[in-house]
Every structure is written in C-alpha cells, then in structure tokens.
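Below is one structure, written out as structure tokens, with a few remarks after it.
Quick note on labels: first sequence line is chain A, next is B, and so on, each numbered from 1.
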Amino acid sequence: MAVTPKANVSTRRAMLQTLVWPLVRNHRKTLFLAAALIPLSALTAMLVPYLTKVALDEYIVPAAGSGRVEEVSGPLGVIATLAGLVVLAEYVIDALYTATLQRASMAMLTDLRGQVFRHTLRLPRSHFDRNPIGSILTRVTSDFEALIEGLASGVLSLVLDAMKMAAYLGAMFFLNWRLTLLVLLLAPVLVFLIQYFQERVRHWFFKARFALSEATGYLQECLNGMKTVQLFAAENLVLQKFTEKNHQFLHAQNKSNWYDALLFSLVEGITSLALGLMLWYAAGEILTGLITLGVLVAFMEYIQKLFLPVKEISQDIAVLQRAWSGLEHIHHLMNTPPDPAQVPERLPASGIIPSGGPARLTQEPLETVTFDNVGFRYLPDGPPVLSGVSFSLRAGGMLALVGATGSGKSSLIRLLTRGYGGYTGSIRLNDRELSTISAQELARWISVVHQTVFLFKGTIADNIALGNPTLTRAQIEQAARYVHAHPFIEQLPLGYDHPVAPGGGNLSAGQAQLISFARAVAAGAPLIVLDEATASVDSMTEQWIRQGLDSLYQGKTVIAIAHRLSTVRHAGNILVMDKGRVMESGNHQQLLAQQGLYAALVGTLQQEDRP
Amino acid sequence: MSRLRFFLSLLAGHWATYLTGSMMLAATLWMSLAIPRLLQKAIDLLGRSPAPQGEDFAELIGWILGFAVIIMVTRTFSRMMFFTPGRRVEFALKNRLLKHLSLLGTDYFSANPTGSIISRVNNDINGIRMTMGFGLLALANSLATLSLAPYYMYVISPRLTLYSLVPVAVGVGVLLIGVTRMRSHQFRQMESLQELSDFVVESYNGIDAVKSHQAFSWVENRFDRHNGDVMESQVKIFQMRALFMPVLNNMVNALKVMLVLVGGLMVVRGEISPGNFLAYLLYLSMMLPPLMGLTFLLFVLQRGLTAADSILSILNTPPAYGPGAPQAEEALRGSIRQGIQVNHLTFAYPSRPDKPVLNDVSLNLSPGEIVGVFGPVGSGKTTLVNLLNRYLDPPPGTITMEGQPLQSISVGLWRAKVVTVTQDPFLFSDTVRENIQFGAGGEPVAEEVMQAAVRAAQLEADLARFPQGLETQVGEKGISLSGGQKQRIALARAMMRPCELLMLDDPLSAVDHETERKLISTIYGFQHSRALLIVSHRVSVLERANRILVLEDGRVTAQGTHQALIAQEGAYRQAWRLQSEQHPPGGTSIAEGAHGSHS
C-alpha cells in the first residue's frame, strides 16, 4: 500500500469541485432536508436532562419526604408527558435524519462509482499493464466502502455530534456557568489525550492494514502457485514466509489494540473523574444554595453525553480521513487521462447495422492498410520494439506475421488496433492516418480476434453480439454459420441461449475460439486482425477451427500473427520479424527458398496432426 | 471436527489470559458500579440538615476519584486480555489453514477458486477472531453488568426496578427482531457487492474485447444494474439501522422519564432519598452499553458460527496423500539403484472415465539414463509427467521407485526425489534469487550452487541486464519477464537440489533456437547419476536421449534411439523430416553448436 502524499490545497479544491460538488448538487434536496433536522435532533437530546432538573428543583426536592403527593403529582405528570413526547420526537427525528442522509449518500456514491467504472474502462492499455487488476478493483470497491463509511457515518455524525455538544454546553452554561467552566477545564486534557492515542491507533492501524495486504498478497500467490509449491515440496518454506508476514500483522494489530483499549478506558475514567470533581466543588455551593440538586443531576447527565461525542468526533475525523484518502485515490484515477482513442463519441442513433447482413458497417470501403517506416517504443527512453516497419495490404488480401517471442509481432498488432499510441512514421487506412481515427470508427474497420478469447458471463448470443447489441438472432446465427460455429452451438442444450460461465469456463478452448471468430464477423468490420491461438484442441474442433479460419481468410482482409503452417500457406505476404524489424518478406514458397530466418522459424509453427 | 471441538481447540492455551482478563473485568465493574452508591451517599450527606462532616464527604470524593483512576488501568487490561487471545487465535488459524491447504490435492483447488479461499482466510477468520475477542468480552461484560446493575437498582427500590425491567425487555426484543431481519439484508448486500466486484474483474479482464468491439454500453448497462443492486441492498440496511439502532438509547431515555414521575413521587413520599434517585439515574445510564453489546454479541456469535463452518470445510477436507510406510521409505535412503518403473499404466481423468489419456504405458527410468518422450499435442505427454510427480494420482501398483509402490512413500519424500520443470512455470513476485532458491524447499543454498545453476540455465546475460542482478524483483512489483526467461529461471530452480529423477516437460517452448541449443547441451551435461526425462515435440531436443518413447493417443507406438526411430516409418520420422527440412543445417549443427558452447 503506497502512502498517499498529502494533496495540496489546489488539488483539494479541484477534487471538491469536480468530484464532490456535482454529487452534492444532484442530491441537494435530500441533503437540505437532513441538514434541517440536525438542530431539531440536538434540541431534543438536550431537553430531557433539563426537564429532569425542573422536576427535581421545582417539585421533588422541595416536597421531599413531605408526603404531599396530590400537590406534586399533577405538575410531575405534565413534565413526564412532555419528556415522553420529547423522547418520542428524538427517536423519530434521529431515524428520519439517518435514513434520509444515508439514502442520499448511497445515491451519490452509486453515481460516482458508475463514473469511475466508465472512466477505468477507457483507460489506455498501458494503465492495465502497470496496475494489477486487483488494485484497480480496490478503487471501485474498497475505496468506496471507505467513502460510504466516511459519508454516512463520518460527515453525518460529525455534524450531529458537534451540534449536540453545542446544545449540551449551551444548556450547561444556562444552568450554571461556573460549574460549566470547571468541567471545561478537563476538556483540553481529554482532547489532547484522545488526539494522541487516536493518532497512535491510526498509525498502527495503517501498519496493520499494510501487513495484512502483504500477507494476503503472498497467500494469493501461494494458492495460485500451489502446484509449484507442492511439486518442489516447498510447503514449509512458504508456510514460514507466510507466518512471518502474519506475525507482522499480529504485532501491528496488537499495538493498535493497546492504544485503543487505553483510549476507551481514559474516556470512561475521565468522565468519572469529572463527576467526582464537580461534586467536590459543588458541595460548598449547594450548602449556600447556589447550586441545586437538580442542576447537579442535569450536569451529570450532560457530562456523560458530552464526553462520549468528544471521543466519537475524533473517531469520525479518522473515518473522514480514510474516506478522504479514498477520494484522493479516486480523484487520481479520474485524472488519469483516458486513452485518447477511447473518448466516447455518439453512435448513430439509427442502429449500426444497415440491412443486408452483418457485413457492412463503414460508409467508406477499406482499400489499403499501409505501414510506412513505423517505429515504436513502450517507454520514451526504452528500447525500440519496432523500427522501420513498412508494408502495404490491399483489401481482400492476407498478411501473416512470423517471428520469435519478443520480435514485435504483438506490438505491431497493438499499434494497429490502437492498444497503444505514440508511434513514429505513418500508419494509414486508405489515406487516413490511424491517429486521427476514433476508436468507434476504427471498430467499424477492424475486428480483433485475440489469442486468448475472453467470454463474458451471459449467453452465447450475447457474446457474439458483444459489439453490437442491436443484432437480431438471425444475424447472430448468420455470423456463426459463416465461421462454422453454428454446428456446435446448435448441439448445446439451449443453443444460442446457452449460458456462458464467467471467463467461458464451461466451453472448450476451441469452442471459445469459434465464438470469437463469430464475434469478429458479427461486428461487421472488413479487416480482421487475428492473433492465432496455440491452445491444443481435439481433432474435431481443430477441423472446425480450420474451416472457420479458411472462411475468414477467403472473405475478409486479414492480418494474422501466425502460429500454424496452414495460415502462412494461405498468406499472400509473410513478414518475418526479428527484434522489431522486418527481416524477410514474401510468400511461403519464396521465403523457404531463401533458406534464411523464415526457414529456421517454420519448425516452431504448429503442424496439423492429421493433414 | 465439530464446531464445539473446534472452538475448544482454539481456546486451548489461552485459558489463563481469559481468566486474568475476567478478573480485571470483575474489578472494573465492581468499582464502576460502586461510584453511583458513593455519589448517593455524598448527595444525601449534603442534604442532611446539620451541615455534613467535611471529612466524611472528602473521603467519599476521594474514593470516587481513586476508583476513576484505577478503573482506567483495569479496564485497559481487561480489554487487552480478551483482544490479544483473539488476535493470537487469528494468527495461528491462518497459519494452520495454509498448512492444511498445502496438503490438499488438485481436485480441491480446481473446485475452489483462489478468490473464495482468500475470502475465507480473511473474512471468516475475522469472524472467528471477533467471536474469540470482542464477542467473549461483550458476553462477560454484558452478563456481569446486566446482573449487577439491576441488583443494585433492586436494593434501592424493588418497585422501580420492576417498572424499568419491562421496557428493557420490550426494547431488547424489538432490537433482536431488527437484528435478525437485518442479517438477511446484510447477506443480500454482501452478495450484491460480490457480484459487482466479480463483474468489474470480468470487465477488466476482458477490456481488450470491450475496446476492440466498442462494447462499452453493453458493459456499462450491466454494471449499472449491479451497482443499483448494491445501492438498494445497502439502503435497506441503512433504513433498518435507522429504525432499530436508536431504540435502546431512546428506551433508556424513556426510563428516565418514568423515573421522574414514579421515582419523583417516591422521593416525595419519603420512600427513597434524593441521593438514591440520582444513583438510580446513573445505573440506568450504565445499562445502555452492555445492552447494546448484547445485540452486537448476537451478531458476532452468528457470524462466528458460520465462519467456523466455512473454515472447518477446509480443515475437514482430508489431505490428498496418505503417509508413507516406514519400511518402504527406508528402502529409498541413500541413492537409488533400480530407478523408477512404470508398469502397464492406464489412466483416465475422473471427468472422462471412458476416455483413457494413457493406455498401457510401461517405462523404466534407471539412474543415469536419459529418456525422451515425443508426441503430438494431446498425446498424453504431460499427463505422464503429472502422474510421475504425483500431481495426479496414478492407479495403485502402476508406478514404483526402487521396487516400492508409489503409494507407500510419503508425497514429501517422493517429491524430494522427483523434480519437474513444467511447461508454464510459476514465479513468485519476489527476487530472482528467491525464485531460484525456492527449488531447495527452504534448505540453505551455497552460492556456488546458485551460480552454477544460473550459468547452466543461460541466465548470466539476462541477469547482467536486470537492474539488480539476482536481487531484481520480478512479477507484479518488479520487472516483467519474457516467457523464455521464466522458463530458464524455472530450469535453474530445478537444479537447486539433488534428485533421482528430473523431468523437463517441454521446458524450452518459449526459448529461441540459439539459446535452446546451448541449453540442451548443458542439460545433457548437467545430468549425472539421476534419471532425466525430457518431454518435447521437437526432435532437436530429443536427439541425444538414450531412448525415445513415441506417444500417440496415449499409447507408446514406438521406442528406440533417435537413429532407430528415424530409420522406421512413423510420426517421429515424419516430424524429423519436416523439422530438419526447415532447418537446413540439420541436427548435426545443433550438436556442433552444443560442443562449441562447451569449450
């Protein structure tokens, strides 16, 4: 867990203006209602001890032991009825206040969470490379829990507690200002002690949180790598490391508990001290009639109520600080510029699919794809991953990329699909420079089939129509037939409505591949960019996949990272890449004849087991 | 193990602490309950018509102040004596869980995803910890206060106490109903939050698909639905809380109102003194925290019980492997001579019992022997490796070491003797050194051994480029490695410990040809008295093996030396032709390259 640096004043202002204020404005009515209830709540909380005082001083004590019940019972009944009504009102107001404000804060957070999620979806690829998904997820879930806590209990009770304290103090001053000052003498001590101990609690609490996340991270690794752990009989080694990390958590947590226990006891003890001191001081004044028993009783009630909020306010502040740091994380995330290509653009309202099947989306037909002396580095001062790459592909043609791991094939594909920006040289679709084409537009030209297919939880039809929710069932089926995915889908119990488990867990790798082909066709782009899968599949599926690929090669313009011999055989042009450069190019026969790098690489391609 | 025995086993070793804590708590409660009585005496002393004796009064005040100070100390210790064992139980239980998990087999981990195990280890153990710490404290505190305070109240006035207990019972009842109803909402809320976070993870994992198909609206609509569910369930809880939580506080306030009327009249009648009135008021206030604690306790206990079930479901899963038989293990002491035998091994995965992946495979792995396994994708090569290293459980009697059946040898001993380099090696996000050293399973590793392994795995050049050499962090918190680098680190890892059988399951798939040549030569040279099993579909890797098995559809279709196999028609020869046709210099150059790198 990185310690967040304290945001400076201007970021704080920006944060409030861009994040908090719009949310507050949208829910201002509810918030206003809640705010209006606060003084009422404080007033009711203050009234009962006061009414008790009146009852004691005016009626009970003067008549104590006198047996004049008839005389006193009337007024006491009135006071008790009043006090009873106050208690009832207090309950209603508190419940109403809490319910309204918490509903408003939840609604605000739900809005904000939606904004954050939408933003993260549009972050550049590089953001996901640098930040593990777990930590981005934390932004969307845990930080929000801290925020909910901060808004719902932090701000809420902070304001209410402060109001109540003011009301108690007001009543106390009204009853006896000298006694109030005496009690207030203890306040600085109390505040100082609470501040100090709570700071220690927080310090160790954060240490504990850090230790816990370290231990959990390690545990997660151990579980993910359990096979390796077991195969190397390293169970004791990992257990020992885990125990160490756990121990750090235990240590920090124990420290935090000590200070917490001390804090708890101090507040309790000081309340009793205050009662004793007050009585000591009051003794003389009671005798001289300056302080009545009723005042003393009211003070005891007020002191108990007064010191509790002091501790709670300090806790509320801690909660608020946590919420604030959650907000800072979120602000930081929201300020990460989105992928410039992903900034949303309104889609045509009239649906995306013109009649006549899933094939045509772009107004302008794709004619050529051109790379002209393209270079690229992931980091400005990093090594070049591509340099001097040039080729040109005409519509309907097929280009295969061949090369060892790290030769730049995937980077080339990522540039073309705008997974990354910032290339040098020129990449053009027809005569338009790639960097001027928005992602929405690009999606109508290019469909990507990734090496590992990602299937979402939903039906098969949902997954095929991913980019295009307006597709009809007939169009989905047409796309599936096109890539020979239809036969296997039809065999599933629910056909196109077959539910796909998250990540596609209930389908084979081959079936997932076929769905991804159908998805690419359904999207209707003329250019298919294909990163061939290397997964091993059974021979039946293998045959389907080959048929599916053949249809793609024949009907579409294709750029493929080739892992199969059959793919390179199809390709009109093969680029042989090494260390980011194009070393050789030509078709299969020409390149084999050259007896160069290509001839050496062919052995790494997947051969068909049964030609 | 039953829940009761489970909790008792957790308590073991902490009895003394809990007992001391309880004594501290008793002292604290006795003193804090004494304070109202002292106040009462002081007040009544002041009210008496001849002026009070100054010394009596000062003594009372002294006691109050003294108690207040002592309470701070005893209260602190009483809390710690309950919290600390809770934390220690948490600590021990976490270690116990990982220890037990490391004994479980593949079946368990494929049925239980990492995420759900982690949430058990963190959240459920939290539930246990709260029961053992806060829960027990709240129990002791509530029981003591709620029996003592009413007793003192009863001493002051039986009638008033009777009047107060009725509303208390009603209030607690209402609150219990609320807490029970809230629990179902809480469950729903956790569920919806889990669904949301699962969905977010899914979306991020599929972010490439979302972007390249511009499927934003598809994803966003689903997110909004989940997000709305979370909000609705959370708001329900907030509403319940707003409705039920203030009940106790307001009930105590209502009692005070009652005291003004009933108690006030009793003072007027002379049945109780004004001091008693005040003490009674304080006792009423003192009952509030334990009453709240009681409802909290219910929640904690409930959570502790479900957590215990969840944790027991892990601890009660029997370990995947039984212990070894001592005589059998005795036979393996020292280095082995007969090696490992595979006898008529037929194996099918439980999910497809009708489709054997290996069919009547027999194989001898003698010390010093190099055996190659060749076969196309899906021919059962990796399954054979996973059976030999006991990642999968072979049928009894099919695999023996030194004549001792595999099942009679403890899995720890077996795996100390059989080391595997897998296709897709797993690295920890730790330093390169720690990752290599991992292969020694915690045994100390001499620096020469480490350096030799680094050299043998062709890692020297890579390490020179890493910012801190062997100490460079890899993985999530460090640099990312290429597939080839990972494979070579895994190779070095396998050289950390002497073993009887080293298995390389296609370990060079992501390594370039040049490095592959060098690696093959070192691997062949590195092998001494142990047996070596190399699995590959690349002929160039297997050429120099003593014996090569050709595996097709789970059957051994041919075996012999490279020369013998290329002399006969079959899959091996076909692959050799194809692969050497594409490597014009042919196998000889690889052999030369290997010799070259030796010098």
### Summary
The interface call for A:L56 against chain B, heavy-atom contacts under 4.5 Å, is side chain
### Query
Quick one: what part of A:Q220 sits under 4.5 Å from any heavy atom of chain B, side chain, backbone, both or neither?
both
### Message
Check this for me, if you would: do A:D462 and B:R222 make a salt bridge, where the nitrogen-to-carboxylate-oxygen distance has to be below 4.0 angstrom?
### Response
yes
### Query
What part of A:S66 lies closer than 4.5 angstrom to a heavy atom of chain B: side chain, backbone, both or neither?
both
### Heavy-atom proximity to chain B below 4.5 Å, by part of A:L212
side chain
### Summary
If you tally heavy-atom pairs under 4.5 Å between each of A:T216, A:D94, A:V48 and chain B, the highest tally belongs to A:T216
### Query
Hey, are A:N463 and A:R519 close enough side-chain-wise for a donor-acceptor pair under 3.5 Å?
yes
### Query
Is NZ or CZ of B:R75 both nearer than 6.0 Å to the six-membered ring centre of A:F264 and within 45° of the ring axis?
no
### Message
So which residue, A:A234, A:A261, A:G77, ends up with the most heavy-atom pairs under 4.5 Å with chain B?
### Response
A:A261
### Message
Please report the interatomic distance CD1(B:I71) to OG1(B:T28), rounded to the nearest 0.5 Å.
### Response
7.0 Å
### Region of A:N236 that comes under 4.5 Å of a non-hydrogen atom in chain B
neither
### Best-contacting candidate, A:F242, A:F249, A:Y218, against chain B by heavy atom pairs under 4.5 angstrom
A:F242
### Pair B:S285-B:K256, side-chain donor/acceptor within less than 3.5 Å
yes
### Message
Could you measure the distance from the CE atom of B:M251 to the OH atom of A:Y91? Nearest 0.5 Å is fine.
### Response
12.5 Å
### Query
Is it true that the NZ or CZ of B:R493 lies under 6.0 Å from the centre of A:F232's six-membered ring and within 45 degrees of the ring axis?
yes
### Query
For residues B:R87 and A:N254, is any side-chain donor paired with an opposing acceptor at under 3.5 Å?
no
## Note on the structure
From the list A:N246, A:L223, A:T228, the residue making the most non-hydrogen contacts under 4.5 Å with chain B is A:N246
### Task
Pick whichever of B:S273, B:G441, B:G62, B:G270 has the most heavy-atom pairs under 4.5 Å with chain A.
B:G441
### Query
Between A:A274 and chain B, which part of the residue has a heavy atom less than 4.5 Å away: side chain, backbone, both or neither?
neither
### A:F117 and B:F199 aromatic ring geometry - parallel, tilted or perpendicular at 30°/60° bounds
tilted
### Task
Examine whether an atom of A:V86 lies under 4.5 Å from a heavy atom of chain B, and if so say whether it belongs to the side chain, the backbone or both; otherwise answer neither.
neither
### Message
Please classify the contact between A:M226 and chain B as side chain, backbone, both or neither, with a heavy-atom cut-off of under 4.5 Å.
### Response
side chain
### Message
Ring-plane angle category for B:F428 and B:F426, please: parallel below 30°, perpendicular beyond 60°, tilted otherwise.
### Response
perpendicular
### Task
State plainly whether the residues B:E220 and A:R122 are in salt-bridge range, i.e. N to O under 4.0 Å.
yes
#### Entry: Nearest heavy-atom neighbours spanning B:K99 and B:S102
O-OG, 2.7 Å
### Query
Given a strict heavy-atom distance threshold of 4.5 Å, which part of A:E301 is in contact with chain B: side chain, backbone, both, or neither?
side chain
#### Entry: Most contacts with chain B, counted as non-hydrogen pairs under 4.5 angstrom, among A:Q304, A:R103, A:H247, A:Q253
A:Q253
### Summary
Applying a strict 4.5 Å limit to non-hydrogen atoms, the region of A:L219 in contact with chain B is both
### Task
Please state whether the side chain, the backbone, both or neither of B:T422 comes within less than 4.5 Å of a heavy atom of chain A.
side chain
### Donor-acceptor under 3.5 Å (A:E221 side chain, B:S429 main chain)
yes
### Query
What part of B:E90 lies closer than 4.5 angstrom to a heavy atom of chain A: side chain, backbone, both or neither?
side chain
### Task
Could you tell me which portion of A:L273 (side chain, backbone, both or neither) has an atom closer than 4.5 angstrom to a non-hydrogen atom of chain B?
both
### Query
Top residue by heavy-atom pair count (under 4.5 Å) with chain B, among A:V297, A:L279, A:I446?
A:L279
### Task
Could you look at A:E268 and say if it's the side chain, the backbone, both or neither that has a heavy atom under 4.5 Å from chain B?
side chain
### Residue selection (most heavy-atom pairs with chain A, distance under 4.5 Å) from B:I70, B:T84, B:I118, B:I64
B:I118
